[in-house]
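Here's the structure we're looking at; comments come further down.
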Amino acid sequence: EDIPKYSEQELDEFKSTVLANAAMAHMQLKNWGYVRDDSKRALAFNEKNIKACYRLAKAHEKLQNWEEAGDAIDSGLKIDAENKDFMKLEKLLQKKINRARLDRQKREKARAKRVSEVKGVWKHCKEKGVVLGRVPLVSTVTDDDEEDDENVDEARWHHHHPHTGRLPQPIPGGGGEWSWPCMFVYPSHNHSDFIEFFAESDILALRMAEAFPELEQGESETAMPWDFNNEFECSKLAVYFEVHCTEGDGAVIHPECVEKLKDQGATMRFYESSRALKGDEGPEMATVARCLERKHLHKQRKAWKKKHRSLWAKPAPCPVVRVHPAATLHDILTDKRMVVPNFLVTFMMFPEEHPAHRAFLKERNCLGVLEPKA
């Protein structure tokens, strides 16, 4: 009967005081991460605990989280508008807080623009019947580069489908026509070219002629310094695209293979992750994106190993389709066998008589020739 009774509010205030004191102890030790965490917990029990609020603001200052420091200062001044400690801290950090808030607004505005752009791309692809795909953006599932010996080689690979950060975009005044980023890959010479704007109505041969013009009478050498045998003329090149996602919807795919982007949300997440991993959104977002991509990769690897027992059990090289040079980019994009990885249309080009071309056709199954549509 002598045991004192406390109300729920009194207990919450007591817990808040204890946590605020713990934050103070961590301040003395300069453990600013713990100061931040204990102060947040203290405020969760009592949002008017002004000492916890001040310690939270100091922790964010030391951690250089300027916007969060500003929010903590604003909360403290709402509790006590005349508090000198908060007023002094606000005066000290005001420029950095304002700059951080302005940067956030710019990021939010840029992200809203990107969301609109990706929605536009997805809508255009759905209307035209264009299929988009993706490849893993990471090659390991842990930070430890030296994994178990039997797995270390399985965890690493290289793709020839880089992400350029470019999206397809409508051509101003083009009457609904779009342009796409494209890559010309030359496996026989280990070179490539990037075409930033390839209009859907453009004929492939015209773009090839720009890169590899025919030799005029009296000329004997092409313009490319790496073309030692002068084989790269438009009329002498064979052009192919790879056929991805042949397994069917819902099938288990190898982590090295291209995966279809099934909806607008998946497309947006992939594009945002690729930007974050390039560092466009800062180190924290890069870490988040890396964790999400590793989780996705881990699921792919686990599913493949469950079915095939090892990542070494790779599928056969993907088949290819030869492209007639008179075909337009629209003809190619709307072919039912075409999947565009990473928003980047990729063509593989070989000189007709080059040994690498013959070796390529021995390795790959050619499904036919894509003829220009009437």
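All values below come from the heavy atoms of this structure, side chains included, with hydrogens, waters and symmetry mates left out.
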Closest approach of [X] and [Y], non-hydrogen atoms and distance?
X: Ala42; Y: Ser16; result: O-OG, 2.8 Å
X: Phe347; Y: Cys182; result: CE1-SG, 4.4 Å
X: Leu89; Y: Ala57; result: CD2-CB, 3.7 Å
X: Glu61; Y: Ala69; result: N-CB, 4.1 Å

For a quick test of your reading: what N or O donor-acceptor pairs under 3.5 Å do the side chains of residues 229-238 make, sequence neighbours left out?
residue	atom	partner	partner atom	Å
Asn230	OD1	Thr222	N	3.0
Asn230	ND2	Ser220	O	3.3
Glu233	OE1	Leu215	N	3.1
Glu233	OE2	Lys236	NZ	2.9
Ser235	OG	Glu214	OE1	3.0
Ser235	OG	Glu214	OE2	3.1

To the nearest 0.5 Å, how far apart are [atom1] in [X] and [atom2] in [Y]?
X: Arg99; Y: Glu67; atom1: CZ; atom2: CD; result: 13.0 Å
X: Ile73; Y: Glu90; atom1: CD1; atom2: CD; result: 6.0 Å
X: Lys78; Y: Glu47; atom1: NZ; atom2: CD; result: 10.0 Å
X: Asp80; Y: Met87; atom1: CG; atom2: CE; result: 9.5 Å
X: Ser192; Y: Met349; atom1: OG; atom2: CE; result: 11.5 Å

Would a hydrophobic clustering, with Ile, Leu, Val, Met, Phe, Trp and Tyr connected at side-chain separations under 4.5 Å, put [X] with [Y]?
X: Trp226; Y: Phe184; value: yes
X: Phe194; Y: Val185; value: yes
X: Tyr54; Y: Leu93; value: yes
X: Leu367; Y: Met338; value: yes
X: Leu56; Y: Leu19; value: no

Is there a donor-acceptor contact under 3.5 Å linking the side chains of His354 and Tyr186?
->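 Side-chain D/A pair, His354 to Tyr186: absent.
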Keeping [X] on the side-chain end and [Y] on the backbone end, is there a donor-acceptor pair under 3.5 Å?
X: Arg358; Y: Glu353; answer: yes
X: Arg207; Y: Asp202; answer: no
X: His189; Y: His191; answer: no
X: Asn342; Y: Leu344; answer: no
X: His60; Y: Trp66; answer: no
X: Thr287; Y: Pro283; answer: yes
X: Glu219; Y: Glu216; answer: yes
X: Ser179; Y: Phe197; answer: no

With sequence neighbours excluded, residues passing side chain to side chain contact (heavy atoms under 4.5 Å, CB included) with [X]:
X: Met27; answer: Met24, Trp32, Val35, Arg55, Lys58
X: Ile203; answer: Ala205, Leu206, Thr328
X: Ile253; answer: Glu247, Glu259, Gln300
X: Ala266; answer: Leu261, Asp263, Arg269

Go through the steps for Asp85 and Lys88 under the test salt bridge (charged side-chain N to carboxylate O under 4.0 Å, His left out), then give the verdict.
-> CA-CA 5 Å; Asp85 290 330; Lys88 181 180 178 181; over 6 Å; no
Those residues at least two apart in sequence (or on a different chain) that pass ring-ring contact (aromatic ring centres under 6.0 Å, His included) with His308 are Trp304
Should the pair Arg114 and Tyr271 be classed as cation-pi, given the thresholds of under 6.0 Å to the six-membered ring centre and 45° from the axis?
-> no
How far apart are the C-alpha atoms of Met348 and Val239, what are their side-chain angles, what is the distance that settles it, and do they pass the side-chain contact (heavy atoms from CB on, under 4.5 Å) test?
-> CA-CA 6 Å; Met348 306 177 78; Val239 186; over 6 Å; no
Which residues share a side-chain hydrogen bond (donor to acceptor under 3.5 Å, both in side chains) with [X], sequence neighbours left out:
X: Glu177; result: Ser201
X: Arg322; result: Glu352
X: Arg337; result: Asp335
X: Asn46; result: none

Cationic N near anionic O, under 4.0 Å, Arg111 to Glu272 =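 Looking at Glu272 together with Arg111, the answer is yes, because their closest N to O distance falls below 4.0 Å.
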Please examine the side chains of [Y] and [X], heavy atoms only from C-beta on, and report whether any two atoms are closer than 4.5 Å.
X: Asp193; Y: Phe212; result: yes
X: Leu204; Y: Leu329; result: no
X: Ile79; Y: Phe86; result: no
X: Val320; Y: Asn365; result: no

Steps toward side-chain contact (heavy atoms from CB on, under 4.5 Å) verdict (Met183, Ile195) | CA-CA 6 Å; Met183 182 77 78; Ile195 294 92; over 6 Å; no
Quick one: sort the Tyr240 and Phe350 rings into parallel, tilted or perpendicular, breaks at 30° and 60°.
-> perpendicular
Give the intermediate values and the outcome of side-chain contact (heavy atoms from CB on, under 4.5 Å) for residues Val345 and Phe241.
-> CA-CA 9 Å; Val345 185; Phe241 68 78; over 6 Å; no
Begin from the C-alpha positions of Thr334 and Lys373 and carry the test side chain to side chain donor-acceptor pair (under 3.5 Å) through to its verdict.
-> CA-CA 11 Å; Thr334 54; Lys373 297 177 182 177; 3.0 Å; yes
Taking only residues two or more places apart in sequence, or in another chain, which ones meet Glu68 in a salt bridge (Lys or Arg N to Asp or Glu O under 4.0 Å)?
-> none
Could you tell me whether Glu108 atom CD has more than 12 heavy atoms of other residues or ligands within 6.0 Å of it?
->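 For Glu108, atom CD is crowded (more than 12 foreign heavy atoms under 6.0 Å).
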Donor-acceptor pairs are to be reported for all side-chain atoms of residues 122-132 against protein atoms at under 3.5 Å, with residues two or more places apart or in another chain.
residue	atom	partner	partner atom	Å
His124	ND1	Trp178	NE1	3.3
His124	NE2	Glu200	OE2	2.8

Starting from the C-alpha separation in whole Å, work towards a yes-or-no answer on side-chain contact (heavy atoms from CB on, under 4.5 Å) for Cys245 and Val258.
-> CA-CA 6 Å; Cys245 306; Val258 173; 4.2 Å; yes
